[in-house]
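Any value given below was found using the heavy atoms of this structure, including those in side chains, with hydrogens, waters and symmetry copies removed. Small disclaimer: the values here were computed from a predicted structure and weren't measured.
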Amino acid sequence: MRDETDGGGRVPDGEWRGWREAAEEALYGPAGFYRRPEGPAGHFRTSVHASPLFAGAVARLLCDLDEALGHPSELAFVDMAAGRGELVTGVLAALPPDIASRARGYAVELAGRPEDLDRRIAWLAEPPEGITGLLFANEWLDNVPVEVAEVDSAGVPRLVLVREDGTERHGAPVAGAESQWLTRWWPPAPEEGLRAEIGLPRDLAWASAVGTVHRGLAVAVDYAHFVDRRPPFGTLTGFRAGRETLPVPDGSCDLTAHVALDACALPGARLLTQRDALRALGVSGERPPLSLATTDPAAYVRALAGAGAAAELTAPGGLGDFGWLLQPVGMSNDQMRQLRGLLVDVPDHEEQ
């Protein structure tokens, strides 16, 4: 718990609020971080920004899904938390003409539409209902605000209250549905100072997003942790101008916490690492054969650059450790098996 005083014994002015409410305003309010003109790319680098190989891999997944779904007359691609539309733009550009002619792109974002975005891409504040296709949420759930709990000196998990300057204090004991979630998904030991982020709002947000898919696949990609190895002091942090910083809910920085993806998963889902998912989708960090440098130097340089980008996207200890949550909707087992082995662990019953 950070000190509540300014060093002279005075408590700074400001309203005490739970972290969920404070982060909601700091990120998405009228002057919030995600409404700033530079967009998220001005402050941190995601897989989308790291390399066009990422959009290409997602486009291949969309092509496989198109085949599995029997080539629907309209194939949707929904980019959740679209930033400035980088992913949806890259995915649509990577599609072959026969699929691109049927594809419809949707960017879901609270910030205003970029002026230079392709007019064929719909810009929405909420995902469209009843789609057939792929809903893709890259680093969305980590920015769905949640409450933070901390164990007090009596071993009781309490909500953490925060002021706009980042000063914190304990609030009421965690109760109700939040207490039930904590007991099931992140039970803290009765040791003073241990922390947890209560992921219930993320579970609900993900279920709502999945509910907009009539037939197809929903994918969430994020920093993740799992119930058998939750971080004992939580993961809440801030990012500003490419650097990690203290989480201060004043709108000046991103506020993010890793996601309990196992809690978000609905029946029939599969969890795997980004490294495994991208390798299944054809992204490999293997270096090209040295002989290519002699026979075709330009091709060797291009292949070497591609291998470097692929290595970053799949690197252990980095982007490769991101979690992928794949949630099929309205698909048969046979259809799911067409997705490059990404959904090989399918249930025995026929329909999801």
Side-chain angles (χ1 to χ4, degrees), residues 23-24 26-28 32-36 38-58 61 77-91 106-111 127 134-146 197 199 201-203 205-206 208-210 217-226 231 234-245 247 253-265 271-278 281 283 309 312-315 317-327:
E24 185 75 34
L27 293 175
Y28 306 115
F33 176 83
Y34 277 98
R35 297 188 186 273
R36 296 163 67 105
E38 69 271 21
H43 294 271
F44 52 86
R45 190 165 179 255
T46 71
S47 297
V48 178
H49 308 122
S51 170
L53 291 176
F54 188 80
V58 177
L61 176 58
F77 178 73
V78 181
D79 182 5
M80 293 292 297
R84 295 302 178 262
E86 297 95 337
L87 179 59
V88 63
T89 298
V91 168
Y106 299 90
V108 181
E109 181 59 69
L110 293 179
L134 175 60
L135 181 144
F136 202 91
N138 185 64
E139 294 194 45
W140 169 49
L141 289 173
D142 68 298
N143 288 126
V144 173
V146 295
E197 291 106 27
R202 293 167 173 179
D203 298 357
W206 179 243
S208 178
V210 172
L217 185 66
V219 179
V221 179
D222 235 307
Y223 299 95
H225 48 65
F226 302 95
T235 61
L236 179 67
T237 191
F239 282 94
R240 183 189 297 114
R243 295 180 179 274
E244 189 169 7
T245 184
C253 65
D254 184 30
L255 298 171
T256 178
H258 295 193
V259 182
L261 276 182
D262 48 353
C264 295
L271 289 159
L272 64 164
T273 65
Q274 174 156 297
R275 179 167 49 257
D276 290 338
L278 290 184
L281 292 167
V283 177
E312 180 182 3
L313 290 172
T314 58
L319 295 175
D321 288 346
F322 270 49
W324 278 48
L325 169 58
L326 296 99
Q327 188 75 55

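- In this structure a side-chain-to-backbone donor-acceptor pair under 3.5 Å is present from Asp222 to Leu141.
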Would Val88 and Phe77 count as a side-chain contact (heavy atoms from CB on, under 4.5 Å) if you check the C-alpha gap in whole Å, the side-chain angles of each, and the deciding distance to 0.1 Å? CA-CA 7 Å; Val88 63; Phe77 178 73; 3.8 Å; yes
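- Looking at Val146 and Leu236, their side chains never come closer than 4.5 Å, going by heavy atoms from C-beta outward.
- Proximity of the aromatic rings of Tyr223 and Phe322 is defined here by a centroid distance below 6.0 angstrom, and this criterion is met.
- The shortest non-hydrogen separation linking Leu255 to Leu27 is N-CD2, 3.5 Å.
- For the side-chain hydrogen bond (donor to acceptor under 3.5 Å, both in side chains) with Thr235, the qualifying choice from His258, His225, Glu197 is Glu197, the only one to do so.
- Partner of Pro127 under the side chain to side chain contact (heavy atoms under 4.5 Å, CB included) criterion, out of Asp79, Val108, Val210: Val108 alone.
- Annotation: side chain of Trp324 is in contact with side chain of Val219 (closest heavy-atom distance under 4.5 Å).
- Residue Arg202 comes nearest to Asp142 through the heavy atom pair NH2-O, 3.0 Å, listed as atom of the first residue, atom of the second, then distance.
- Rounded to the nearest 0.5 Å, atoms OG1 (Thr314) and CD (Gln274) are 8.5 Å apart.
- Shown here for Ala82 and Glu109, the closest heavy-atom pair between the two residues is N-OE1, 3.3 Å.
- When all heavy atoms are compared, the tightest approach of Leu135 to Ala209 is CD1-O, 3.7 Å.
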For Asn143 and Tyr28: C-alpha separation, side-chain torsions, deciding distance, then whether side-chain contact (heavy atoms from CB on, under 4.5 Å) applies. CA-CA 10 Å; Asn143 288 126; Tyr28 306 115; 3.2 Å; yes
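- You'll find the side chain of Thr237 reaches within 4.5 Å of the side chain of Thr256, heavy atoms only.
- Val58 is listed as a side-chain neighbour of Leu134, based on a closest heavy-atom distance under 4.5 Å.
- Taking both residues in full, the closest heavy atoms of Cys264 and Leu325 are given as CB-CD2, 4.0 Å, listed atom of the first, atom of the second, then distance.
- Aromatic ring orientation, Phe54 versus Phe136: perpendicular (interplanar angle above 60°, classes split at 30° and 60°).
- Heavy atoms only, all atoms of each residue included: Glu312 and Leu319 are closest at O-CB, 3.6 Å.
- The aromatic rings of Trp140 and Trp206 sit tilted relative to each other, their planes meeting at an angle between 30° and 60°.
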